[in-house]
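To start, the structure itself, in structure tokens.
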Amino acid sequence: MYKISLITGDGIGPELSESVIQVLNAVNDKLGVKVQVTKLEAGDAALKKTGKALPDETLDEIKKSDACLKAPVGESAADVIVVLRRLLDLYANIRPAKSYPNMPALKENIDMVIVRENTEDLYTGMEFDLGETSVALRTISKSASERIAKYAFMTAEQRNGKKKVTCVHKSNVMKKTDGLFSRSCQEIAKNYPKISFDQMYVDACAMNLIRQPEYFDVIVTTNLFGDILSDEASQVVGGLGMAPAANIGDKFALFEPVHGAAFDIAGKQVANPSSFILSTKMMFEWLGMKNNDKSCYDVAKKIEDAVYGIVREGIKTKDIGGNKSTSEFTQSVISRIT
Ligand code: ATP
């Protein structure tokens, strides 16, 4: 029995969480893996209710669980996810982008994963005012850069892809910080002679994601660039509604959609739950790897096949060109989990 903590979030978060709970119930009922889900509060609603965006009880429950699923939260996102990433040392943010049949992707043969450093860069919140100038500190360390580079090369080894890592930065302008990141990746690359390695400036990468997205296999990059490029990559293969993410550390992991709380469509039953359902699929892969539990890999595969199977048949939500509601789409996914 795996204990799963679930932050239900804000905006479309509760609707997506309901979908994921139904998928997990189907896993419990029909497949060989048992999970126990604990629903938790964090985000704007929790802040209003308890005075804390990340209440202590939520953090305690997360720490007691085997893995955490997190729906998007609103304005207080930085006080929830950025804090969780740091407290739990979830240093690798993994964001796959793959084209699938009947999805509005730019090209048919896109299959990449963005490995984003998750603990440093401009996201540490070190900002201050100096008179009428505001300053943000960008920290990049050798140890964090090498750690994420290793993760990227290991990912390239394990994937059935082009066996290539592209290090993305802007070292021609940020000579110190991105210079260090680039050198660290080059150093680690020497330990992986079977994986090809190249480097690209972030502006060129943003362009090539549109022009030649099939070029990429594994992209390794810093926190802010990774955040921006992964939103772009998700659009290249069909949109944010299909984009899952994993935040991985050595001991624990948290899984969440790439997108935010999307208040504009909240409560309307039009949100695409795939982003969160596919994040759940990534959770089962991670549980399988961590616990050497093959049945978790089987569950992950069944969830993925169910989602893309119905999309292939034209059962889609509005954002990807269909007319199914969140719950209708979820029901179709569940009916394919056998
Ligand atoms: P954040 O800055 O927190 O990432 P944001 O305000 O940039 O959030 P998102 O909430 O990520 O924006 O969403 C951007 C738009 O994408 C939304 O307005 C919504 O229309 C669309 N969108 C995001 N997620 C989904 C989804 N799961 N299903 C359908 N549409 C979505």
Side-chain angles (χ1 to χ4, degrees), residues 82 85 91-99 105-107 109-127 134-157 159 161-237 240 243 245 247 258:
V82 178
R85 284 172 187 157
Y91 62 88
N93 195 325
I94 310 305
R95 297 184 162 190
K98 188 168 184 223
S99 42
L106 278 189
K107 295 203 180 162
N109 51 349
I110 305 166
D111 185 3
M112 73 178 99
V113 56
I114 297 182
V115 175
R116 160 187 165 194
E117 205 290 322
N118 223 6
T119 63
E120 318 199 292
D121 196 358
L122 285 164
Y123 279 31
T124 53
M126 287 192 280
E127 291 189 306
S134 295
V135 179
L137 291 182
R138 182 171 200 247
T139 52
I140 301 288
S141 71
K142 185 166 185 271
S143 59
S145 302
E146 287 183 351
R147 182 163 74 161
I148 199 68
K150 262 183 217 151
Y151 198 96
F153 279 96
M154 274 160 44
T155 303
E157 272 184 336
R159 273 166 59 80
K162 300 174 196 75
K163 306 283 176 205
K164 175 165 70 183
V165 170
T166 304
C167 171
V168 173
H169 53 76
K170 190 72 181 167
S171 69
N172 52 341
V173 175
M174 290 177 282
K175 294 190 165 72
K176 287 279 178 202
T177 49
D178 271 357
L180 176 59
F181 186 74
S182 161
R183 281 196 308 281
S184 302
C185 290
Q186 285 175 59
E187 270 310 303
I188 298 298
K190 290 178 189 161
N191 302 330
Y192 295 86
K194 290 192 183 140
I195 306 292
S196 63
F197 175 69
D198 63 0
Q199 309 203 47
M200 205 177 273
Y201 292 135
V202 63
D203 42 355
C205 180
M207 179 188 66
N208 284 324
L209 279 174
I210 307 289
R211 195 176 70 164
Q212 207 188 354
E214 71 280 11
Y215 172 84
F216 297 102
D217 179 12
V218 175
I219 290 176
V220 62
T221 188
T222 50
N223 206 340
L224 175 62
F225 295 158
D227 197 4
I228 297 167
L229 294 175
S230 54
D231 266 36
E232 184 188 353
S234 67
Q235 193 56 48
V236 164
V237 293
L240 281 170
N247 296 268
V258 166

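Just so we're clear, the structure is a prediction, and the values are computed from it rather than from any experiment.
Minimum heavy-atom separation, Pro213 to Ile110: CG-CD1, 3.7 Å. Nearest heavy-atom pair, Arg116 versus Arg85, reported as atom, atom and distance to 0.1 Å: NH2-NH1, 3.5 Å. Nearest heavy-atom pair across Ser182 and Cys167 is CA-SG, 4.2 Å. Residue Ile219 comes nearest to Val168 through the heavy atom pair CG2-CG2, 3.7 Å, listed as atom of the first residue, atom of the second, then distance. Shortest non-hydrogen contact noted between Ala245 and Val258 is CB-CG2, 4.0 Å. Taking every heavy atom of both residues into account, Ser171 and Gly179 meet most closely at CB-N, 3.8 Å.
Both the sub-6.0 Å distance and the 45° axial angle are satisfied by Arg138 relative to the ring of Phe225.
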The test is side-chain contact (heavy atoms from CB on, under 4.5 Å); show your working for Ser141 and Glu120 and say whether it passes.
CA-CA 8 Å; Ser141 71; Glu120 318 199 292; 2.8 Å; yes
Is there a side-chain contact (heavy atoms from CB on, under 4.5 Å) between Tyr192 and Phe197 once you walk through the steps?
CA-CA 9 Å; Tyr192 295 86; Phe197 175 69; over 6 Å; no
side-chain contact (heavy atoms from CB on, under 4.5 Å), that's the test. Do Ile148 and Phe181 meet it? Break it down for me.
CA-CA 10 Å; Ile148 199 68; Phe181 186 74; 3.8 Å; yes
Yes or no on side chain to side chain donor-acceptor pair (under 3.5 Å) for Ser134 and Glu127, after CA distance, side-chain angles and deciding distance?
CA-CA 7 Å; Ser134 295; Glu127 291 189 306; over 6 Å; no
Steps toward side-chain contact (heavy atoms from CB on, under 4.5 Å) verdict (Lys170, Asp203):
CA-CA 8 Å; Lys170 190 72 181 167; Asp203 42 355; 2.8 Å; yes
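Between the side chains of Glu117 and Thr119, at least one donor-acceptor pair of N or O atoms lies under 3.5 Å.
When side chains are defined from C-beta on, Val237 does not count as touching Lys98, because their heavy atoms never get closer than 4.5 Å. In this structure the side chain of Tyr123 never reaches within 4.5 angstrom of the side chain of Asn118, judged on heavy atoms. A heavy-atom distance below 4.5 Å is found between the side chains of Thr155 and Val113. Side-chain contact check for Val236 versus Ile210: some heavy-atom pair is nearer than 4.5 Å. Contact check for Val218 versus Met112: no side-chain heavy atoms found under the 4.5 Å cut-off. Side-chain atoms of Asp217 and Val165, non-hydrogen and from C-beta on, never get closer than 4.5 Å to each other. Side-chain contact between Tyr91 and Asn247 is absent, with no heavy atoms from C-beta onward closer than 4.5 Å. Between Leu229 and Val202, the closest side-chain pair of non-hydrogen atoms falls below 4.5 Å.
A salt bridge is absent between Arg183 and Asp178; no separation between the charged side-chain nitrogens and carboxylate oxygens falls under 4.0 Å. We find that Asp198 and Lys164 are not joined by a salt bridge, their nearest charged nitrogen and carboxylate oxygen being 4.0 Å or further apart. The pair Asp111-Lys162 fails the salt-bridge criterion, with no side-chain N (NZ, NE, NH1 or NH2) lying under 4.0 Å from an Asp/Glu carboxylate O. The pair Asp227-Arg95 meets the salt-bridge criterion, since a charged nitrogen lies less than 4.0 angstrom from a carboxylate oxygen.
Using cut-offs of 30° and 60° for the angle between ring planes, the Tyr201 and His169 rings count as perpendicular.
Side-chain N or O atoms of Glu214 include none that pairs as donor or acceptor with a backbone N or O of Phe216 at under 3.5 Å.
Note that the OG1 atom of Thr222 and the CG atom of Leu180 stand 11.5 Å from one another [nearest 0.5 Å]. Atom CD of Gln212 sits about 9.0 Å away from atom CE of Met207, to the nearest 0.5 Å. Considering CD1 of Ile114 and CD1 of Ile228, their distance stands at 11.0 Å, rounded to 0.5 Å. Rounding to the nearest 0.5 angstrom, the gap separating the OG1 atom in Thr124 from the CG atom in Asp121 is 8.0 Å. Distance OG/Ser99 to CG/Asn109: 6.0 Å, rounded to 0.5 Å. Atoms CG and CD, on Asn191 and Glu146 in that order, are 9.0 Å from each other to the nearest 0.5 Å.
In the displayed structure, Lys142 atom NZ is contacted under 6.0 Å by at most 12 heavy atoms of other residues, nucleotides or ligands.
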